[in-house]
Amino acid sequence: MTNPADSIEIQNVVASTGIGQELDLEALAEDLPGADFNPDNFPGLVYRTQEPKAAALIFRSGKIVCTGAKSIDDVHEALGIIFEKLRGLSIPVEDDPEITVQNIVSSADLGHNLNLNALAIGLGLEDVEYEPEQFPGLVYRMDTPEVVILLFGSGKIVITGGKRTDDAEEAVEEIVERIEGLGLLG
Amino acid sequence: RLRKWQERIRTKDAGERNLQFALSEIDRMASALGVPRSVREVASVIYRRALSEDLIRGRSIEGVATAALYAACRQEGIPRSLDEVAEVSRVPQKEIGRTYRYISQELGLELKPVDPKQFVPRFASSLELSEEVQSKATEIIDVSAEQGLLSGKSPTGFAAAAIYAASLLCNEKKTQREVADVAQVTEVTIRNRYQEQIEAMGFR
DNA sequence: GCTTTAAAAAGTAATCT
DNA sequence: AGATTACTTTATAAAGC
């Protein structure tokens, strides 16, 4: 009896912040080795950190988006590295810029195969999107917590849209309960 | 006041012209797909509902018209794949799929997932396969779906593999290429589904 | 709506050996 | 007939078209 909630792994955390200072991205692109800046393509400058591995989108307004981190701690660490890099370029950065987690993507394993056709009907076609011709996963929009769950035939799932670490655990408990209630979990 | 009248008439005329265009497009695509008149009527009703609920704003008329037709085919139990619908539409497949998901959600169509069995008669007849092959393919689909093999798989590929397997079992062999062409899937997909299905049937 | 970034799931597809 | 690479879906911020 392994608890599906124990199988939860955070795969990606998206967060936003800002240094409270306008930036000259053209100059920054020169001074930051490894920076990608294609203003014709996208207004943000892309900068990747190696440890922890993450990607930051830095904008002219001084606002920054960090993606790809495996934990909230990693987000803070990666952004801390970027803040230091900017200070090293004598760009003033606020002391402790507020970092807001915008989205957490997690994966988990329910431990049993799922009959997605039966699940689509059981969970209610109005809350479900299951179009195997377009994508193999069943998309389920849950109200509380407010997340979107992708369910696959293997029993593996993806939880996204949550902002708190607890959202994934609550979502897994809720979906397991609903699937069991329908008698559709092995 | 006069300008308002003119504007209303102009808007009404434009709306009327757009509706006529959408309905004629539905008619044209339905003919090209060879679906019965009843499906065109259902598609028209879906399109008018989308129009009255203001779902067309920000979307192309042709996209909504195509999505309505795709939905109507499913509702009437004679589905066409997105590939097939895209072939007769000037809208890219990706947009048809997105628009379908949107209007389906907003209009509460609540269409059940496509049953692979619904493709069997059409695919089998264009391959000139017998009734025997068709019922065998249907049986293969039922048995393998009951064993949970259908989850996440494309209905077209699933039907194509069952038809290929049935053609072998009934000594009316078609090549994977031939079946793949009518179903618009690759031979690789047929091979993969076929292997799972014959195992589910207890052969191999 | 789109553009870019990241990550997982599983199916399908294109390309190369 | 493999293997590899790449694309499909979900969420999310950012600035600008």
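What you see is a predicted model, and the numbers here were worked out from it, not measured in a lab.
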(request) Ignoring backbone atoms, establish whether N12(A) has a side-chain N or O less than 4.0 Å from OP1 or OP2 of dA8(C). (result) no

(request) Identify which nucleotide among dG16(D), dA6(C), dA1(D) has an atom closest to any side-chain atom of V14(A), counting heavy atoms from C-beta outward. (result) dA6(C)

(request) Indicate whether OP1 or OP2 belonging to dA10(C) is found under 4.0 Å from a side-chain N or O atom of K153(B). (result) no

(message) When the P atoms of dT5(C) and dA6(D) are compared, how many Å lie between them, rounded to an integer?
(response) 14 Å

(request) Send over the distance from D36(A) CG to dT3(C) P, rounded to a whole Å. (result) 18 Å

(request) Check whether more than 12 heavy atoms from other residues, nucleotides or ligands sit under 6.0 Å from atom CG of D54(B), and answer yes or no. (result) yes

(message) Counting only side-chain nitrogens and oxygens, does K53(A) get under 4.0 Å of the OP1 or OP2 atom of dA7(C)?
(response) yes

(request) Rounded off to whole Å, could you give me the CZ-to-C1' distance for the F158(B) and dT12(C) pair? (result) 15 Å

(request) Rounded to the nearest angstrom, tell me the gap between atom NZ in K70(A) and atom P in dA8(C). (result) 5 Å

(request) Could you please spell out the steps behind the side chain to side chain contact (heavy atoms under 4.5 Å, CB included) verdict for L129(B) and F123(B)? (result) CA-CA 9 Å; L129(B) 289 164; F123(B) 290 170; over 6 Å; no

(request) Name the closest nucleotide to the V46(A) side chain, picking from dT5(C), dT12(D), dG11(C). (result) dT5(C)

(request) Looking only at side-chain atoms of V139(A), point me to the closest of dA1(D), dT10(D), dA8(C). (result) dT10(D)

(message) Measure CD1/I159(A) against C1'/dA7(C) and give the value in whole Å, please.
(response) 13 Å

(message) Strictly below 4.0 Å: does S107(A) bring a side-chain N or O up to OP1 or OP2 of dA9(C)?
(response) no

(request) Report yes if at least one side-chain N or O of R98(B) is closer than 4.0 Å to OP1 or OP2 of dT8(D); otherwise report no. (result) no

(request) Would you indicate, yes or no, if dA13(C) has its OP1 or OP2 atom less than 4.0 angstrom from a side-chain nitrogen or oxygen of T189(B)? (result) yes

(request) Please determine, for the side chain of V185(B), which listed nucleotide (dT4(C), dA7(C), dA13(C)) has the closest atom? (result) dA13(C)

(request) Compare the minimum distances between each of dA15(D), dT4(C), dA11(D) and the side chain of V148(A), then state the nucleotide with the smallest one. (result) dA11(D)

(message) Reading DNA chain C from 5' onward, which residue's closest nucleotide shows up sooner: A55(A) or G58(B)?
(response) G58(B)

(message) I want to check one thing: is the phosphate of dT12(C), taken as OP1 and OP2, less than 4.0 Å away from some side-chain N or O of S154(B)?
(response) yes

(request) State whether T186(B) places a side-chain N or O below 4.0 Å from either non-bridging phosphate oxygen (OP1 or OP2) of dT12(C). (result) no

(message) Let's test this: given Watson-Crick or G-U wobble pairing with both distances under 3.5 Å, identify the partner of dC17(D).
(response) dG1(C)

(message) With clusters defined by side-chain heavy atoms of hydrophobic residues (ILVMFWY) lying less than 4.5 Å apart, directly or transitively, does F158(B) cluster with L111(B)?
(response) no

(message) Looking at R101(B), I'd like to know whether one of its side-chain N or O atoms comes within less than 4.0 Å of OP1 or OP2 on dT9(D).
(response) yes

(request) Assess whether side chain to side chain contact (heavy atoms under 4.5 Å, CB included) is satisfied between L114(A) and L138(A), documenting all intermediate values. (result) CA-CA 10 Å; L114(A) 298 171; L138(A) 182 156; over 6 Å; no

(message) With a 3.5 Å distance limit and no angle check, can you tell me whether N38(A) reaches the backbone of D40(A) through a side-chain donor-acceptor pair?
(response) no

